[in-house]
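A quick write-up on the structure given underneath.
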Amino acid sequence: MGRRHKGRAVHGILLLDKDAGLSSNQALQRVKRLFGAAKAGHTGSLDPLATGMLPICLGEATKLSGHLLDADKTYEVELRLGQATDTADADGRIISESDCSQVDQAAVESVLPRFMGEIEQIPPMYSAVKHEGQRLYKIARQGGEVERKPRRITIHGLQLLDFKLPHLRMRVDCSKGTYIRTLVEDLAAALGTHAHVTALRRIRLGPFSTAMTAEPALAALAQEQGQTGLDALLLPPQAALAGWPQVSLDADSSFYFRRGQAVQVRGAPGKGQLAVFGPDDVLLGLAEIDDDGRVAPRRLLELRPISP
């Protein structure tokens, strides 16, 4: 039996502009295959209907994906008033209809402040939240429904961009864990009607915006320029840590740090997390200041071989 191809050690972040109709996992697997990467992961699912920012981490950059999962996000959402669907978006079937002809722009503007700040949301049945080990969307597809606990999320900004009854377009700045479909349904309820999402685009995730994204036509680029052309699209892993405090270590301290040992660094912050770089500006990993004021490794990246 031949040895299974494990893929190559390519490290970086691809900012993919995901197409509609594609699941986040399908997009991930396509990218992983095109790059021939040994390891890959995305940083926050988008519904198949949604488009926009989907950072995909390759190789050692996957060790930083959790920090992007926790990041704030910005969406532009289009919704249709007067109709509810079983999935709360246009991919579902209409289950309720109501008159929305009395809703005007002033009414919408008046209810938006209710949803600003820290609020509670009940996750939709068509979501990846688990109930007794099973994804809610699987239960929903079988016709079931279970009680869900509300979750606290934060809406940092909510702006009405366009009003053409029965359609609205809004911009939402929010924390991780926010379900835009639920926000749309709750907003419609406050207006005395129903609604569902007709289009959704994520335009920002943490330090990344769609102005920085690669178009999804990666296969054509791979044919024209090969993996060298694809690799040129990658951001370095440290791009995920924009805004983090940083320290740089000399060769000796780098060696001990990469062996998992805390090191003393002149000028290091007094507390908190930080990104640690070696002599050649290679990201060594993430650290935290310990009780003795030393830089203690918390997550190491293997971008260069260890050598004394």
Side-chain angles (χ1 to χ4, degrees), residues 17-21 24 43-55 71-92 94-128 150-213:
D17 192 339
K18 188 186 85 67
D19 272 338
S24 294
T43 57
S45 295
L46 282 173
D47 293 336
L49 172 141
T51 66
M53 171 63 64
L54 183 67
D72 289 342
K73 301 166 180 67
T74 301
Y75 297 89
E76 286 188 359
V77 57
E78 296 180 13
L79 60 108
R80 201 257 189 226
L81 292 174
Q83 293 179 342
T85 71
D86 56 357
T87 60
D89 62 25
D91 287 340
I94 297 173
I95 55 174
S96 298
E97 295 192 70
S98 54
D99 180 26
C100 64
S101 61
Q102 302 305 310
V103 176
D104 59 18
Q105 185 169 339
V108 176
E109 297 277 10
S110 71
V111 301
L112 293 184
R114 301 186 200 176
F115 299 93
M116 289 287 295
E118 191 174 272
I119 63 173
E120 287 193 341
Q121 274 193 340
I122 297 176
M125 279 301 301
Y126 280 88
S127 68
R151 296 182 167 192
R152 298 202 71 79
I153 55 100
T154 302
I155 304 297
H156 302 293
L158 191 56
Q159 180 184 4
L160 180 64
L161 301 176
D162 195 25
F163 180 89
K164 293 179 180 177
L165 204 67
H167 299 281
L168 308 181
R169 186 165 64 91
M170 299 190 304
R171 176 186 170 113
V172 184
D173 297 287
C174 57
S175 68
K176 70 169 185 176
T178 300
Y179 286 98
I180 302 299
R181 288 172 292 148
T182 298
L183 178 65
V184 162
E185 289 188 317
D186 292 345
L187 175 67
L191 292 167
T193 185
H194 298 91
H196 66 270
V197 172
T198 56
L200 180 65
R201 181 166 178 79
R202 186 158 65 196
I203 60 174
R204 184 184 65 86
L205 189 155
F208 304 133
S209 73
T210 46
M212 306 161 66
T213 53

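No experiment lies behind these values; they were computed from the predicted model shown. Reckoned from all heavy atoms, side chains included, excluding hydrogens, waters and symmetry mates. Residues take their numbers from the sequence shown, with the count starting at 1.
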Give a yes or no answer on whether the side chain of [X] reaches the backbone of [Y] with a donor-acceptor pair at less than 3.5 Å.
X: T193; Y: L81; value: no
X: K18; Y: A50; value: yes
X: H196; Y: L79; value: no
X: K73; Y: A71; value: yes

Heavy-atom side-chain proximity of [X] to [Y] below 4.5 angstrom:
X: L168; Y: D162; answer: no
X: L187; Y: M170; answer: yes
X: Q121; Y: L183; answer: yes
X: E118; Y: I153; answer: no
X: D19; Y: T51; answer: no
X: V197; Y: E78; answer: no
X: D173; Y: I155; answer: no
X: R202; Y: T74; answer: no

Out of curiosity, [X] [atom1] to [Y] [atom2], how far, rounded to the nearest 0.5 Å?
X: T154; Y: K176; atom1: OG1; atom2: NZ; answer: 11.0 Å
X: Q105; Y: K164; atom1: CD; atom2: NZ; answer: 11.5 Å
X: L158; Y: H156; atom1: CG; atom2: NE2; answer: 12.5 Å
X: F115; Y: D186; atom1: CZ; atom2: CG; answer: 5.5 Å
X: R204; Y: M212; atom1: CZ; atom2: CE; answer: 12.0 Å

Which heavy atom in [X] sits nearest to a heavy atom in [Y], and how many Å separate them?
X: M53; Y: S209; value: CE-O, 3.1 Å
X: G52; Y: T210; value: CA-CG2, 4.4 Å
X: L46; Y: L54; value: CD1-CB, 4.4 Å
X: L200; Y: L49; value: N-CD2, 3.8 Å
X: E185; Y: T85; value: OE2-O, 4.3 Å
X: I180; Y: C174; value: CD1-SG, 4.4 Å

Residues D72, S175; criterion side chain to side chain donor-acceptor pair (under 3.5 Å); working and verdict
CA-CA 5 Å; D72 289 342; S175 68; 5.4 Å; no
Hey, are [X] and [Y] close enough for a salt bridge, meaning a charged N less than 4.0 Å from a carboxylate O?
X: R151; Y: E120; result: no
X: R201; Y: D17; result: yes
X: D47; Y: R181; result: yes

